[in-house]
Amino acid sequence: MAVEVTISSGRLAGVDDQGVHAYKGIPYAAPPVGDLRWRPPVAPASWDGVRNASSYGPVALQQPMPGIFGELGTPPNPAGDDCLRLNVWTPDPGAGGMPVLVWIHGGAFYAGSGVDDVYNGAAFARDGVVCVTINYRLGVQGYMNLASHFGHLPASGNIGMLDQVAALQWVQENIAAFGGDPSKVTIAGESAGGMSCGTLMAMPAAKGLFQGAIPQSGAAHNGLSADTASLISGYVLDAVGVKPGDTDALAAVSNDALLAAQIDVVDDLGATRNPEKYREAAASAMAFQPTYFTEELPQRPIDAIAAGAASDVRVLIGSTMEEAQIFVVDLKEMFNEELVRASVGAVFGMVGKDGDAALGVYSGNRPEAAPHELAAAVETDRMFTVPAVRLADAQAAHNPDLWMYRFDWRTPQGDGEWGAHHFLEVPFMFDQIDNDMARGFVGDDPPLDLVANTHEAWVRFVTDGDPNHTGLPDWPRWTTQSRPTMLLDTECRVANRPADDEISLWDGVI
């Protein structure tokens with residue numbers, strides 16, 4: 001199948017992909033080279049004739065993900081500057097009025113792409129949703145705030161976010177050519193992609209470009225203040241020998257040198273978590289994130305959402321039950337009771353709370369847990385569960401169309417020690433379990449009913465604005481009083497205020 005479509009830049013020939021029409025490697029912006037480096041994206045050049053859109057394009061320049069995420073990631077396409085590409089799956093480019101899902105990949109804002117096998121949008125297309133996956137600039141290319149070092153680059157701390165906005169603007173202009181309705185767009189993403197959703201909900205430039213959002217394992221507490229982002233950028237400039245204001249030297253720095261400097265900063269931050277050196281970045285250990293207190297992002301995302309910035313957006317939000325387990329299991333030998341007690345005490349002690357009392361609640365609920373499992377439980381709530389609850393409470397004050405989930409199914413992979421870990425719901429929601437990457441996370445025999453129920457909930461939310469369907473029990477909208485949460489497992493059920501004794505510990509902390 002090579003059905004042709006016409007978009008603003010020219011004609012495209014698609015390809016059959018799992019029984020639907022796919023168009024891959026489409027430029028949504030010009031390559032950010034030369035004078036466009038560290039600047040907002042601009043429209044791509046047009047082409048003559050018919051462009052072959054049968055294969056993915058380059059991905060963003062990046063460092064490898066550590067551990068199992070690096071091992072199981074789809075072998076990447078070549079990375080390069082011409083990375084501002086997107087991919088579209090549709091059941092029928094000649095149709096019209098279909099809802100649209102735009103997927104924003106994760107990877108801690110320094111890795112990942114929209115071309116992993118589990119992000120294939122064919123199953124969504126088969127179910128009547130036009131699915132789009134995107135690349136965007138990462139790490140130093142996308143989030144190095146150079147504004148105070150180079151006055152001609154005021155937007156540099158949010159370039160990756162502006163790439164996402166440009167992709168959404170491309171969707172508004174072109175998605176009808178694939179049968180999609182630009183007034184029925186839902187954004188979704190996991191991890192840094194979920195954080196991107198929360199950021200887009202807060203960005204003035206993204207207003208009106210989408211009607212729904214699905215932040216997964218990432219909410220709206222992300223980001224760095226302009227001052228902190230500028231401080232970290234200074235470390236990178238020092239590493240590559242560039243003085244503030246020396247535009248010729250900055251232009252001459254190679255991508256390889258920048259990436260090497262980025263890796264040094266990321267590794268140092270991860271190893272030290274030094275708040276004196278890295279300020280608020282020490283909490284998340286992500287050196288490059290969207291930059292707030294800027295023109296592009298005037299407030300921290302959660303504060304903007306609390307003020308009503310996304311009052312016109314319906315939301316499906318959630319996390320997995322044991323997000324952080326996969327990050328600590330390989331390091332379990334380094335954890336002991338003393339270390340866990342000290343780390344929990346430091347987190348709660350910053351706001352004058354009793355860390356020992358908090359740890360007592362977690363350990364009381366898990367009497368057989370090893371120290372690393374307790375550390376993972378606390379980190380799961382700190383980084384993922386509690387920010388999701390805070391976003392839900394903030395958004396529900398302005399829009400009642402909000403639903404919460406928690407993915408509880410535990411994978412047998414990792415010798416059964418990974419649990420219901422970070423990223424685990426993604427192959428389920430895409431209904432893409434028959435590939436090596438998915439099997440590495442979910443095994444060879446995942447529960448097919450859960451695959452169907454999870455995928456269908458996302459389809460229904462994108463299509464109808466409500467995730468309820470016949471395969472699930474009734475799923476109430478979120479309220480700040482009862483906090484109903486769909487627990488997605490082999491037997492799905494709704495629980496009001498699940499793990500409330502633990503979540504309430506974080507009042508005044510997050």
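Model, not experiment: these values are computed from the prediction.
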Minimum heavy-atom distance [X]-[Y], with the two atoms named:
X: His372; Y: Val329; answer: CD2-CA, 4.2 Å
X: Ala283; Y: Arg273; answer: O-NH1, 3.2 Å
X: His105; Y: Ala111; answer: CE1-O, 3.4 Å
X: Ala392; Y: Ile317; answer: CB-CG2, 4.3 Å
X: Pro301; Y: Asn222; answer: CD-O, 3.6 Å
X: His422; Y: Thr320; answer: N-OG1, 3.6 Å

Looking at residues at least two apart in the chain, or sitting in another chain, which of them share a side chain to side chain contact (heavy atoms under 4.5 Å, CB included) with Thr291? Asn145, Asn158, Ala226, Ala229, Thr294
Any residue meeting side chain to side chain contact (heavy atoms under 4.5 Å, CB included) with Asp444, in chain and number order, not counting sequence neighbours: Arg439
Sub-3.5 Å donor-acceptor pair from the side chain of [X] to the main-chain atoms of [Y], do we have one?
X: Arg300; Y: His221; answer: yes
X: Gln172; Y: Pro182; answer: yes
X: Thr454; Y: Val451; answer: no
X: His469; Y: Asn453; answer: yes
X: Arg137; Y: Gly142; answer: no
X: Arg382; Y: Ser284; answer: no
X: Ser217; Y: Ser191; answer: no
X: Asp116; Y: Val118; answer: no

Taking the side chain as every heavy atom from C-beta outward, state whether [X] and [Y] have any pair of such atoms under 4.5 Å apart.
X: Gln62; Y: Gln141; result: no
X: Asp117; Y: Pro427; result: no
X: Met98; Y: Phe178; result: no
X: Leu200; Y: Leu168; result: yes
X: Leu391; Y: Ile302; result: yes
X: Met486; Y: Pro473; result: yes
X: Asn399; Y: Ser311; result: no
X: Leu138; Y: Leu61; result: no

Take the angle between the ring planes of [X] and [Y] and call it parallel below 30°, perpendicular above 60°, tilted in between.
X: Tyr362; Y: Trp506; answer: perpendicular
X: Trp418; Y: Phe441; answer: tilted
X: Trp409; Y: Phe407; answer: perpendicular
X: Tyr136; Y: Tyr143; answer: perpendicular

Any donor-acceptor pair under 3.5 Å linking the side-chain atoms of [Y] with those of [X]?
X: Tyr119; Y: Asn87; result: no
X: Ser504; Y: Asp500; result: no
X: His421; Y: Thr411; result: no

Is it the case that more than 12 heavy atoms not belonging to Gln18 sit under 6.0 Å from its CD atom?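 Buried by this count: over 12 neighbours within 6.0 Å.
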Over 12 foreign heavy atoms within 6.0 Å of CZ, Arg493: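 Count not over threshold, so no.
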If I take atom [atom1] from residue [X] and atom [atom2] from residue [Y], how far apart are they, to the nearest 0.5 angstrom?
X: Met383; Y: Ser319; atom1: CE; atom2: OG; result: 12.0 Å
X: His21; Y: Asp16; atom1: NE2; atom2: CG; result: 8.0 Å
X: Gln395; Y: Thr480; atom1: CD; atom2: OG1; result: 13.0 Å
X: Ile134; Y: Asp163; atom1: CD1; atom2: CG; result: 8.0 Å
X: Leu224; Y: Met286; atom1: CG; atom2: CE; result: 8.0 Å
X: Gln289; Y: Ser196; atom1: CD; atom2: OG; result: 10.0 Å

For side-chain contact (heavy atoms from CB on, under 4.5 Å), just list the numbers for Ile68 and Gln413, CA-CA rounded to whole Å, side-chain angles, deciding distance to a tenth of an Å, and then say yes or no. CA-CA 11 Å; Ile68 194 65; Gln413 299 297 88; over 6 Å; no
Using the ring-ring contact (aromatic ring centres under 6.0 Å, His included) definition, which of the options Phe428, Trp478, Trp458, Trp475 pairs with Tyr405? Trp458
Can you tell whether the side chains of [X] and [Y] come within less than 4.0 Å, N to carboxylate O?
X: Asp507; Y: Arg390; result: yes
X: Asp393; Y: Arg483; result: yes
X: Arg460; Y: Asp466; result: no

Show me the side-chain donor-acceptor pairs of residues 338-350 shorter than 3.5 Å, one per line, residues at least two apart or across chains.
residue	atom	partner	partner atom	Å
Arg341	NE	Asp356	OD1	2.8
Arg341	NE	Asp356	OD2	3.2
Arg341	NH2	Asp356	OD2	2.8
Ser343	OG	Leu339	O	3.2
Ser343	OG	Val340	O	3.0

Show me the pairs that pass salt bridge (Lys or Arg N to Asp or Glu O under 4.0 Å) and involve residues 279-291, at least two apart or across chains.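 Checked against salt bridge (Lys or Arg N to Asp or Glu O under 4.0 Å) - neighbours excluded - no pair reaches residues 279-291.
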Enumerate the residue pairs fulfilling salt bridge (Lys or Arg N to Asp or Glu O under 4.0 Å) with a member in residues 415-426, sequence neighbours excluded, ordered by first and then second residue.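 Qualifying pairs: Lys332-Glu417.
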For the residue pair Trp103 and Phe430, is the inter-centroid distance of their aromatic rings smaller than 6.0 Å? yes
Would you confirm whether the ring centroid of Phe327 sits within less than 6.0 angstrom of the ring centroid of Phe69? yes
Step by step, would you call Gln216 with Phe423 a side-chain contact (heavy atoms from CB on, under 4.5 Å)? CA-CA 9 Å; Gln216 302 174 213; Phe423 185 81; over 6 Å; no
Evaluation steps, side-chain contact (heavy atoms from CB on, under 4.5 Å), between Leu487 and Met321: CA-CA 9 Å; Leu487 307 183; Met321 182 172 61; over 6 Å; no
Just checking, Arg314 and Phe461: is the charged tip under 6.0 Å from the six-membered ring centre and within 45° of the axis? yes
Residues in salt bridge (Lys or Arg N to Asp or Glu O under 4.0 Å) with Glu296, at least two apart?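 If we apply the salt bridge (Lys or Arg N to Asp or Glu O under 4.0 Å) test to Glu296, skipping adjacent residues, there are no hits.
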Stepwise, does the side-chain contact (heavy atoms from CB on, under 4.5 Å) test hold for Asn468 with Asp474? CA-CA 7 Å; Asn468 277 283; Asp474 182 62; 3.9 Å; yes
